[in-house]
Amino acid sequence: MAGRVAVVTGAGGAIGGAIARRLADDGFAVATTDITGEVAFDCDVRREPDVLALREAVTARLGPPWLLVNVAGVFFEHDVPDTTAEQFDLISDVNVKGTFLTCKAFLPAMIAAGSGCIVNIASTAGLRGGQRRAVYNASKAAVVMFTRCLALDHGPQGVRANCVCPGLIDPPMADWITSRPDALRAWEETIPARRIGSVDDIARAVSWLASDEAAYMHGAVMAVDGGDTA
């Protein structure tokens, strides 16, 4: 992957940071972006002007990206009757609109080059229902379907689009269960892997999908969940 440029959104988070480090180890020139101000490029993926400015800044500094990894996401438990319109917009705008805007911005250069790769991070929450997370699950299901459609539309133009669906992973987003050791142990006993996932599990999956070994992977939805959805 030497010489290829990658953009990783949400790189200020645990999963995004692990993915960025792994891609750098693979030889990518990695542009890390987040809203936190703690990475190389600041960007609010909900705002198209920010995303377009990110594209121009990354291209000017590193060259046109060959790989886009959309990690930026928002999760919190919620009951629909108590969820405000503003909370709905926050989840939808980051998880769905943000993925759309970055793909829209970076796809044209990939299409022009006849080569590129997109890996969208969804969730096993986008593959099945769940309690107290209706809006979140719907947003991740949208990312799954969006990715499949990207593959159909742009695979013939040389751009591979695939989706990684993490299960329970041990960064802050899993605090709702990792903060309850008894509940975590009980859950771990129900899955084949018998453990919660790590950020490196997700980074390895993204690394493989971005490699030439995955050249025949188009529109794949890869569950990295220790067998939870098996």
Side-chain angles (χ1 to χ4, degrees), residues 1 6-28 30-36 38-40 45 67-77 91 94-95 98-99 117-128 130-133 136-137 139-141 143-144 147 161-211 213-214 217 220-230:
M1 298 297 107
V7 173
V8 180
T9 74
I15 292 177
I19 291 170
R21 291 189 295 272
R22 176 59 187 254
L23 293 176
D25 289 343
D26 290 343
F28 281 96
V30 182
T32 54
T33 181
D34 206 304
I35 198 172
T36 62
E38 299 176 357
V39 293
V45 296
L67 171 64
L68 170 64
V69 186
N70 279 304
V71 189
V74 171
F75 168 78
F76 50 84
E77 290 186 287
I91 294 174
V94 176
N95 297 357
T99 300
C117 182
I118 296 171
V119 181
N120 292 324
I121 305 300
S123 169
T124 53
L127 305 178
R128 64 184 183 187
Q131 293 178 306
R132 306 199 66 228
R133 60 200 66 216
Y136 176 76
N137 284 38
S139 74
K140 289 303 186 178
V143 172
V144 169
T147 305
N162 294 289
C163 185
V164 172
C165 290
L168 273 179
I169 305 297
D170 195 14
M173 273 192 179
D175 282 354
W176 63 274
I177 191 168
T178 57
S179 62
R180 297 180 291 139
D182 290 345
L184 176 60
R185 282 193 296 272
W187 174 80
E188 288 177 329
E189 291 175 359
T190 69
I191 69 167
R194 289 296 193 267
R195 66 172 177 86
I196 194 170
S198 73
V199 294
D200 290 331
D201 291 322
I202 307 306
R204 283 189 288 268
V206 173
S207 171
W208 184 75
L209 284 173
S211 74
E213 292 182 354
M217 300 291 287
V221 180
M222 181 185 291
V224 184
D225 64 353
D228 188 32
T229 55

Looking only at heavy atoms, what is the nearest atom pair of Gly126 and Val144, with distance?
-> O-CG2, 4.5 Å
Step-by-step side chain to side chain contact (heavy atoms under 4.5 Å, CB included) determination, Ile19 to Ile121 = CA-CA 11 Å; Ile19 291 170; Ile121 305 300; 4.3 Å; yes
Taking Arg133 for its side chain and Glu77 for its backbone only, find out whether a donor-acceptor pair lies under 3.5 Å.
-> no
Answer yes or no: is there a side-chain heavy-atom contact under 4.5 Å between Ile202 and Val71?
-> no
Validate the cation-pi geometry between Arg132 and Trp176: distance from NZ or CZ to the six-membered ring centre under 6.0 Å, angle to the ring axis within 45°.
-> no
Between Cys163 and Ala122, the two heavy atoms sitting closest are SG-CB, 3.4 Å
Note, Ile196 side chain near Glu188 side chain (heavy atom, < 4.5 Å) | yes
Are the side chain of Asn162 and the backbone of Ala220 linked by a donor-acceptor contact shorter than 3.5 Å?
-> yes
Within the side chain of Asn137, is there an N or O that forms a donor-acceptor pair under 3.5 Å with the backbone of Arg128?
-> yes
Using atom types as modelled and distance alone, determine if a side-chain donor or acceptor of Thr32 lies under 3.5 Å from a backbone N or O of Val39.
-> no
Can you tell me how far SG of Cys117 sits from CE of Met217, rounded to the nearest 0.5 angstrom?
-> 10.5 Å
Which distance, rounded to the nearest 0.5 Å, do you find between the CZ of Phe75 and the CG of Asp175?
-> 10.0 Å
In sequence, state the C-alpha distance, the side-chain angles, and the governing distance for Thr147 and Ile118, and then conclude on side chain to side chain contact (heavy atoms under 4.5 Å, CB included).
-> CA-CA 9 Å; Thr147 305; Ile118 296 171; over 6 Å; no
Criterion side chain to side chain contact (heavy atoms under 4.5 Å, CB included) on Asn95 and Lys140, from CA distance to verdict = CA-CA 7 Å; Asn95 297 357; Lys140 289 303 186 178; 4.1 Å; yes
Is there a donor-acceptor pair under 3.5 Å between the side chain of Ser123 and the backbone N or O of Cys165?
-> no
Nearest heavy-atom approach of Asn70 to Gly98 is OD1-O, 4.4 Å
Does the pair Asp182/Arg185 count as a salt bridge with the N-to-O cut at 4.0 Å?
-> yes
Of all heavy-atom pairs linking Thr229 and Ala223, the shortest is OG1-CB, 3.9 Å
Taking all atoms of both residues into account, what is the closest heavy-atom pair of Ser139 and Ile91, and its distance?
-> OG-CG2, 3.7 Å
Looking only at side chains, do Asp26 and Ser207 share a donor and an acceptor under 3.5 Å apart?
-> yes
Can you find a heavy atom in the side chain of Ile177 that is under 4.5 Å from one in the side chain of Leu168?
-> yes
Consider only side-chain N and O atoms of Asp225 and Thr124, and report whether a donor and an acceptor are under 3.5 Å apart.
-> no
Heavy-atom closest pair, residues Pro192 and Asp228 = CD-N, 4.5 Å
